[in-house]
Engineer: 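Before anything else, here's the structure in question.
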Amino acid sequence: MREDLATRYEPAQFEKRIYDFWESGEYFTPVDDPERPKFSIVIPPPNVTGRLHIGHALVMTLQDVIVRWKRMSGFNTLWLPGTDHAGIATQMVVDRELQKQGISRFDIGREKFLEKVWEWKDQHRTFIKDQLARLGCSCDWTRERFTLDEGLSRAVRHVFVRLYEDGLIYRDVAMVNWCPSCRTAISDIEVDYRERNAKLYYIEYPVVGSDRRLVVATTRPETMLGDTAVAVHPDDDRYKDLIGGEVLLPIANRRIPIIGDAILVDPEFGTGVVKVTPAHDKNDYEAGLRNQLPQIQVIDETGRMTEAAGAEFKGLDRFEVRKRVLQELQIGGFLKEVKEYVHSVGVHGRCDTDIEPMISRQWFVKIEPLAKPATEVVRNGTIQIIPQTWEATYFNWMENIHDWTISRQLWWGHRVPASYCDNGHVIVSETDPVSCPQCGSKNLTQDTDVLDTWFSSGLWPFSTMGWPEKTPDLQTFYPTDVLITGFDILFFWVARMIMFGLRFTGRAPFTQVFLNGLVRDEHGEKMSKTKGNVIDPLDVVEEVGADALRFTLAINASGRDIPLGKSKIASYSAFVNKIWNASRFAMMHIDTDLKNAGAIDRDALGTVERWILSRLNAATRDVNKALSIFRFDEAASTLYQFFWHEFCDWYIEMVKPVLLGKHGTDEDRKRAKRVLLEVLDRSLRLLHPFMPFVTEEIWLKLGGIEPSVMVAPYPIAEDLDDSEAERLIRAVQSTITTVRNVRAERGFTPKDRFTLFVTVTNEREAAFFDAYSYLLNELARLDATNVNQAIPEGAHHDVVGGFPIAIIFPEKVVTQEQLDRVRREIEGANKELAALDAKLANEQFVSRAPAAVVESARARQAELRARIEKLMQNQ
Ligand SMILES: [Zn+2]
Ligand SMILES: [Zn+2]
C-alpha cells in the first residue's frame, strides 16, 4: 500500500529514523554473493576524537555518492570505516585538557598519561560514527577499525621488522626538524614554511692577530653561541689569505677557525662570510661533517639554552636569549648593522612553534627503494590520479624525496619495536624479547619513541582487512578500487599507502585516486576560525538537513577548490523542498504502488510521455557517465536540471489537465499516472546517492519490491531516446515561452486571450499540434490553436523549433502603467546583463569555473540581449 507524505519537508523528523533503518537492515554490509563484482573503498580515517569539518563533509559525501551508486548498480560493496589515533594531534588535545586542570603530562608520567588518552578515546568512541551517520554515510560499521587496535598494531610491527631486516629501516644520528613545544622530531612534510618580517643582523668577528673583522649576517644571533667556525669561499680573493686562521667569537670568547668551503658559501651573497653552527642548522651540519667541526648544542629539546651556551644564558628561552645576545653585541661594538628582512621560517603547523633544527638519534625509512615502484605505478597507469594535473606534482615530489624520519618523541602511538641490551645491541622483533640474542643479556630497555602516525595509516587499505593474515576480506576486497581524499594528504598518506601496498602485498592498494579541492568561503578565502567564515557541516545538517548539504557539496565538486556560502546551501535546500513538494503532488494522483503498477505499454504512449521518458533516459545516461569519471558536479547538475526544469516546470504542468480530468479519456489518465509514477521512481533512485534520506523517505511510500531504495537497482539508460518527441515538445515549450514573452513585452495581462497559428509541413506534425492544442491553450492562455490555417493580418510572426507561428492579440490601449512595467523590465534585464558581462570578462571566472557554468552564463547573456532588444522594439 502507498502511504501519504507529510505536508512539509522536515528532515529532522526522519533522517535519524532512516539511518537506523538502514543500519539495522544491514544494508551497509556487503552481501555474500560471489556472482557480483566487488567494489571497495576505505575511508580516510579521521582523528578519533575530532569534530568533522566541512572538508571532511565533502570527502565523506563524495565517497558515499560513489559507494551508493555502485551498490545500487549491483556491486558487492564495502566502504570500510575507521579512525586514526593521530599521534601528535590527539596527544595535544589530551595534553591541553590536562593543562586546564593544571597538570602537565610530565608530572604524571608516560603510563598514567596513556591511560588518560585511552579514557579520552573511549569517551569519544562513537563520536566519529555519530557524525558520519548524520551525513548519511553508508559505511559498514561491523568492520570499523582503529589504527591502534590489536590487529593493526600487529601489522605495524610486522612491517617495521620486515623493513628493518631488509635494511630499509635504520637508526642514525642526523639533523632533524625538532618542535620544542611538542618535544619531538617531525618529518620534512610536517614543516610549514611561513613568510615573516624579520631582521638580518650583521655581526663582526675579530680576526685573531689582526685588526680585521669578518662580518657575518644572521637572523638568529643566539645561535652564534654554538658557532664552531666561520667559512668563506676558497677562491674568494677578499678572504683567501685568512683561511687557516682564527676569529674570536664575541660573547663566548672562544677562538674558532676560518675555513674554506665551496659548497656552503656563495661569495656573491651577503658579505661572503658565513658563521657555521653545525648543531643548529641543516647546511651547517653538513659543512661541519665535511670539515670535522665540533657540534656544540646550545639549545635543548625544549627550546631553552644549554650549559654550553654559557652560564649566563643557561635555561633561558631561545627568543629571550636573542635579545640579550644582541644587547651584549651592541655594548661590545660587534653589532655592525641591522636590516629589515623577509624570509620564510619553518613552523610546526600543529602548534605554530618555530622549528629548531636539532641533531638527534632517530629511526628512518630508506625511501628510494619504496618511492621508485610507487612512482612507476602512476607513470604506467596502474594507478590513475584524478584530476590528472596532480600527477606532475606527485612525480616531482617522489623524485626529490628524502629518507623519512619515522620516530617521534611522543607517548601516544605505536611504540618502536626495538630494544637495547646493556652491551649496546639492538633487538628488533615482532614479539617483545626476553633476552639479547647476541649476548644473552636479560637487561633490556625498550625504545621510548613511537612511530609517525602516517606509518600506520600507510598500511590502512590492507591492515584494516586483517593483513598479514590471509583473510577472506583481503581476498575479496583488496586491492580497493578508488581512494577519495583531499589533495593536502597526497604525500602524507596516499604516496605512503602506495609504497607500502606495493612492498607488502605486491599490488597497488587502489586503482584510482580522486583528489578533491579545498572548500573555501564564498569569496574564495580559506575558512578559518580567526576570520569567522567557517561553515560547520553539522550545524548545516541541523538547519536544513543532510541532503541539502550533500547536494551542495556534490554539485560543486569538480576536483577544484569550492567556494561555499550559505546562499548556495539555501538554494539547494530549496531544491530538496521542490523534490518533496513535487513528489507529494504526484502521489496525490498516483493510485497504485510500484509493486502493482504493471509494465508501461510503450506503444500506447503519447508524445508528452515519450518526451519525458526520453529526457529521463538522457539524464540517466549522463549521470552514470559523469559518476564513472568522478564528475560529481556534472552528475548532480544533470539531475537538478532534469528534475526541476523538465519534470517539475514542464512535465507536471503538462499532465495536470489530464490528471485533473480536464482533458483526455480515462485511459489517458491511467497512462499519465503510470508514467508519472515511473518518472518519480526513477528520479528518486537516480537522486538517491546524492540525497539518501529524502529519497528513501519518499520512495518507501511508493511501495516497491525492494525493502529500501538503497538496494533498488540504479537506473541505466535504455533504448528510449525519442528525438521526434523531443523536437515536438521543444517546439511546444518554445511556443509557450514566446507567447508569454509577447504578452509581457506588449503589456498584456494573463487574462488577455490570444490566438495561435502554427504552420507545419506534414501529417504527423499536424496531428500532433491538433492533439496537443489543449496544452498550448492551457499553458499559453490561448483561445485557440489553429494548424495550417490562413493567418489574419496584424499578427506577430515568429519561428520556434523550426515551426513558423503567428500570434493574434486583441486591440488594446497601452496604459502608462503597462509602459512603466516594460521599462522596469528593461532596467532589470540590463542590470542582470551588466553583471553577467562583467563576470564573463573576468579571466579567472572563465578559466576556473566548470565549463557547464560558463556555458550557461553565456546562454543567459545571449537570452538577455535578445529579450532587451524585443522589449525596446515594443516600447
Ligand atoms: Zn609542535
Ligand atoms: Zn646484547
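Start at 1 and go down the list; that is how both ligands and their atoms are numbered. None of the values given here were measured: they were computed from a predicted structure.
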Engineer: Checking salt bridge (charged side-chain N to carboxylate O under 4.0 Å, His left out) against D354, which of R196, R220, R318, R322 comes through?
Structural biologist: R196
Engineer: Output the atom name for the N/O/S atom of H348 with the smallest distance to the Zn ion (ligand 1).
Structural biologist: ND1
Engineer: If you check every N/O/S atom of H425, which is the one nearest the Zn ion (ligand 2)?
Structural biologist: ND1
Engineer: Any salt bridge linking D432 with R157? Criterion: basic side-chain nitrogen under 4.0 Å from a carboxylate oxygen.
Structural biologist: yes
Engineer: Is R162 salt-bridged to E165, cutoff N-O under 4.0 Å?
Structural biologist: no
Engineer: So does R254 pair up with D227, basic N to acidic O under 4.0 Å?
Structural biologist: no
Engineer: Rounded to 10°, how big is the angle at the Zn ion (ligand 2) from C439 SG to C421 SG?
Structural biologist: 110°
